[in-house]
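This report concerns only the one structure given below.
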Amino acid sequence: MAYVSMGEAHRRITEYLNRFCDAVSYQDSSMLCRLLSFSSNSPSLLSLADALNVFQDASSLIRQSDKFSEYGEILAHLFRSLQSYRVGNLVEAYLAFEKFANAFVQEFRNWESAWALEALYVVCYEIRILAEKADKELTSNGKSPEKLKAAGSLLMKVFGVLAGKGPKRVGALYVTCQLFKTYFKLGTVNLCRSVIRSIETARIFDFEEFPRRDKVTYMYYTGRLEVFNENFPAADTKLSYALQHCNPKRERNIRMILKYLIPVKLSLGIIPKDELLQKYNLHEYMNVVQALRKGDLRLLRHALQEHEDRYCIVAVFLRSGVYLVLEKLELQVYQRLMKKIYIIQKLSDPARAHQLKLEVIAKALRWLEIDMDLDEVECIMTILIYKNLVKGYLAHKSKVVVLSKQDPFPKLNGKPVGS
Amino acid sequence: MNQGGNTQTVAPLDPNPIEKRYGVEGSQVQTSPYQYSTGSDAASWTTHSVDNQVVQQNGNYSNSNYYHPQPPVPATGNVQETSSSTSGTVNVAQDYSAYTPYQTPSDLQNYSNTGYTNYYSGCYQQQQPSQPYTQPVGAYQNTGAPYSSFQNPGSYAGTASYSGTYYNPADYQTTTGGYQSTAYNSQTAGGYVNQTPTSSNQGNYTSNPYQNYTPDAANIHSATTATATPVHYQQNYQQWPGYYSQTEVPCAPGTENLPATSAFSQSFPVAGGVASEMPASNGQPAPSYAQNWRQETDSSQPPPQQPAAAVSASNNAYWMHQTPSQQAHYPVPPQNHYQSPLETKPLYETPIQGHQRATYPQELNSQASIHQAPLGYRQPTQTTPSVDTQRVSKIQIPTNPRIASNLPSGYTKMNKERSPAGATQTPAYVSVSMSNPKGHTSAMPEPGTFPKALCGFVERAFARCKDDKEKASCQAALKKIITQATNDGTINTRDWDIEPLSTVLNTDVTNTESSSAPISSLQNKSPTRRPKSRWEPIVESKPFVKPASTFTSGVKFGGWNHPNVNNKKSSETFQKVDAVTGSKPTYFAQNSAKKSFQRPVKRQRFAGGAIDDEESSDSEKELTPYYSSAMSLASSADEKKRRDSRSKRFEKVQGHSRGNDIPKPKISNVRRGTALRLGEVLDESCGSRAVEDMDWDALTVKGTCQEIEKRYLRLTSAPDPTTVRPEDVLEKALSMVQDSPKNYLYKCDQLKSIRQDLTVQRIHNHLTAKVYETHARFALEAGDLTEYNQCLSQLKILYAEGIEGCTLEFAAYSLLYITLHSNNNRELLSSMSRLSKEAKGDEAVRHALSVRAAVTSGNYVMFFRLYKTAPNMNSCLMDLYVEKMRYKAVTFISRSCRPSIPVSYLAQVLGFAGTSSEGTGEKENDGMEECSEWLKAHGASLIADSNGDMVLDTKASSTSLFMPEPEDAVAHGDRYLDVNDFFTRT
């Protein structure tokens, strides 16, 4: 930390105070954002933090002038937070920031217009980030992380401030998205439900009225929730919306959306092009897609069981919640396999091509290094027929699957399996 | 009560929210108060006042009366006037808690303003009394500034109106004009204005006042204002301390009260009686007390009031009243006052001075100069203390107050101390009062004469203080110095500007110990005693009220002084404020410093309820009118009995004998009673020990029972060691249960009792895990999922603590349970991703994972194969899914297979064969029978094929399959609660 003289410290603090007060009085939202954005690590904020650590009695400076003291509470907490943040005491920083946020929200409530929405966004964002950092610190100290939870309830409070009639309501979706992020991180996604309900049912909200950025984020998270619920058509709609409206330059965001959209599309029978996977660096899906194309059950299973060698990828699937979705693709792979057998049989003996012997299927699976006896194969075929992936019937006595002569392997065409 | 009354008055006075709030409580009386103050109301007030005095409600009223008397005191109109004025004042004060100051102005005419000042900031009252109007004006102006600041907060839209009222008072002042105070006012006003800006806190203060109000007085207030202000409280408190400290200085002026002191001394003797207290407070105080404290005193009070006629007396009375009555209400009011008080207080001081002498102007100036808002506040508060001191021969009050606040029992001590201290009371107050005594005749001049330079000196000294401790000691030192200077007459001659601060700061410790020994000692003691005394003050106030009240006031002062010193400690100050307001406040002060404001608020409410009864319950608004009558009833024998019995309930715990419980109006007795009791219980529980501080080890039961077998009975009281088995016996009991041939219900019962014994003895070790594991297995065996879940959740905790057990086995169970029974994808994913590599290598876990895969894909063949090869108790969990899986399989098959499928095949695939495995040869047959029965039960159509074998007609079955209602289903959903089982158990 660079040495800062007392006078310099005083000057910096006063300058900051002046800027803050000016930003508020001129309703200069962007300036206010800059003044509050901790995580930007902007040089001016860092130097202010140094100054604060030199000049310990900043609150007396605040008190000195009416102009400052009007926001005395806000500023005092902000300074304390910044101080702690600078010296790396993130838990303290969070606690002070929480107080600051409360005071700020209180003040925000009193501002009639929504000019400070951007600044409020910054506060919401910062408190979440700070809480995550503080939790990390707590965890490393062997204490239970609880700050993110606290941040969640504070964000909920902010949501309450915004969710009303008036110009501030357009900010509600941003806070909702921050809440989503918090809840997803905490693993308490069920808490999202109440927010979603109020966004989607409250008459004060017109979804198209929200900023596009927030709409995309919102759709992304609700789409993810639908993936968990295995409601693939809905997930497809939401995630596709997010993809369509996402800024095409934000490749990272597009990748995040695709990470969920691809499995959803796959389970609806829509297979992406390889270029897409390559463009967005989604290599973990390469094998899955390949398996689907070729009906290579072994490849699929390997892709899903890569934890033997590449534990991390499976962990990714598990953590992101698409594991179960991908697992369900197995039936489609079987279907593809049957179709392959059917096609091969058709080449050699077109007359009897529609009769698939269980024995043959078992042999094909063995060739894929998957050992199944006839009972099991029969079971699989039963399921395939039941789920309408194969048209036909199974003659138990003769151990033969008799395929329908018309379209024995119907395509899903955007409909989920089993419907 | 006071609050209620105040609020009411406020309502009329202040159109603002507060008024409304107050208005809710309602009281016409309140509204009228203002009017009264104006004069025409006086008549009504007189009636009211009389009532009030007589009645408790009026506590406020009586107070107001007192106030009024003060100003008019000389005039005499004692009872009526006082009453009228008091009512006005009272109301104002109460209102004030938020806005009182404003109201006070209006009251000022009657002198009620003075009363207000006393109550709230004291400053107001003083000013009013001394040069009531002029001072008030100043005060008002000042208040106006604070108010305006309040307005800024926004919550109070009405502020503007308030300021207006203040200004009006100003007019009054001008009319009164005769008093130098006008000058003061103007000065103060200026000072205040400055102060307000200087202190950034003011804004907060404003809000704070509100908060305070809410807690104290008035729930009502809280309802409206409370929301906005909570945060503010702290700030206010801080300010308050400042005020208090200042007030201490005024105390010297307080000597004016000397006459009052005499009265007090008398009252103290009387002290035993509630009424006596009131007398003590110079009659006027008594009325105020009576109002606040008891209705009983009413009769006595009026007379006292007359004596009190002396301005000083009236002031004292006001203070007293304020303290007592305010205690409940006041907490809030003080804040308000403070906020506006900053300004008003100075005024207040001036009033005092005015009463005493011409010194006011000086003081005011000094305050103003000092004045950073805190200082100004302090001064006002000080004045209040002084008033108290005045009342009680000054000395007693100061010492006692703190003690009293802290320790109810302290009262007696305090009294004792007082008697000795009498002339030279240890507390700063005392010292001040000492100086005052001189002034008494001429006391006014003396105290009032605090030179500006001295104020500046004091200010500087406090500015040097870094923390509360330092401030407290500094304050004590200052008191000493000032007292000394006053005594040897150098106070005006000394050059305070060059007086070395070191004398104050260095001697801090010694000074505190010596000069303020009483205070410090009190404080020191207070911590220990506090827990007990928390409520005592209240109790005392009512029964022993008079002494208590004086004490409380004194206590308050003491508390305030310290707070004053520590502007920083908002919370503490807050508490102190509370203390000032009432005995309950002391409680707060004790705890509050550390604890959250919320708590204080709650307590305050309770305290308010206890003291004021009225305020305690919001819903009592309608009752206010009846309070007066209720108050009178409160003293009835009947009521006393009840109180006694009530107080006895807590005697054990508190160790204090509350001879008299808080007097409550009968009407609201029931409600309040419960509220109070709750509050008491709360306090005690909190006070005696915080939950986290509990020594659980000491409370843990050590069982002595040697019986191995024990029925489970849900505990409804603390466990009896003679029926609890120690660990070694429990171990035997466990193995007994494990080997027991009896049925699951018996085992469950036994295991539950073992678990209970483990829990009450807080045994957390491998045995605990073993018991839960055993129970979980038995539960699985019996298919009792609820019990299994209970055990599993306990096991998860135990495993997380690092206690060894069959972790992997239960991880597998857990996986299976989620897969098969909870159907929660997220949970499944998270528990899967949590599995370690080692866990994945475990047979049971791998089995569970395979089962999961089979289930999600619907692979029934795989499922039933796994079912047959399940390790541990995995099959038991799968058992519960078999039915579903079979049904699914048959549905699949009947949809997919044509034309038929042999039952023998189904029996083999669906796990019928082999499950009931007796002999190899019989297996299939057994499976066949069972299977066909099952199929029939599920609506499948079975036919015999050409070979005579049973086959499933899939086409016919595909539409006729259904899930039958489970045969063993019972209406209450728990088949283990079978009637027969029930009888066998009992």
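Predicted model only: the values in this text are computed from it and were never measured. Throughout, protein chains are lettered first and strands after them, A, B, ... in sequence-line order, and every chain is numbered starting at 1.
Rounding to the nearest 0.5 Å places CD1 of B/Ile893 at 9.0 Å from CG of A/Leu394. To the nearest 0.5 Å, atoms NZ (A/Lys397) and SG (B/Cys897) are separated by 13.0 Å. Atom-to-atom distance recorded for B/Thr856:OG1 and A/Glu230:CD is 9.0 Å, nearest 0.5 angstrom. From A/Phe228, atom CZ reaches atom CG of B/Leu828 across 11.5 Å, with rounding to the nearest 0.5 Å.
The shortest distance between side-chain heavy atoms of B/Arg852 and A/Glu327 falls below 4.5 Å. No side-chain heavy atom of A/Thr382 sits under 4.5 Å from any side-chain heavy atom of B/Arg895. Put simply, the side chain of A/Glu378 reaches to within 4.5 Å of the side chain of B/Tyr905, judged on heavy atoms. Counting heavy atoms from C-beta on, the side chains of A/His396 and B/Pro902 come closer than 4.5 Å.
Among all heavy-atom pairs drawn from A/Tyr386 and B/Ser896, the shortest one is N-OG, 3.6 Å. Scanning all heavy atoms of the two residues, the minimum distance from B/Gly858 to A/Cys379 falls at O-SG, 4.2 Å.
More than 12 non-hydrogen atoms from other residues, nucleotides or ligands lie less than 6.0 angstrom from NZ of A/Lys399. Within 6.0 Å of atom OH in A/Tyr393, 12 or fewer heavy atoms from other residues, nucleotides or ligands are found, so the atom counts as exposed in its surroundings.
At a 4.5 Å heavy-atom cutoff, the contact between A/Asp373 and chain B is made by side-chain atoms alone. Neither the backbone nor the side chain of B/Thr954 comes within contact range of chain A; no heavy atom of the residue lies under 4.5 Å from a heavy atom of that chain. For a residue to count as touching a neighbouring chain, one of its non-hydrogen atoms must lie under 4.5 Å from one of that chain's; by this rule A/Glu376 touches chain B with backbone and side chain alike. Proximity to chain B (any heavy atom under 4.5 Å) is restricted, for A/Ile380, to the side chain, taken from C-beta onward.
Among A/Asp375, A/Val390, A/Ile383, the residue making the largest number of heavy-atom pairs under 4.5 Å with chain B is A/Asp375.
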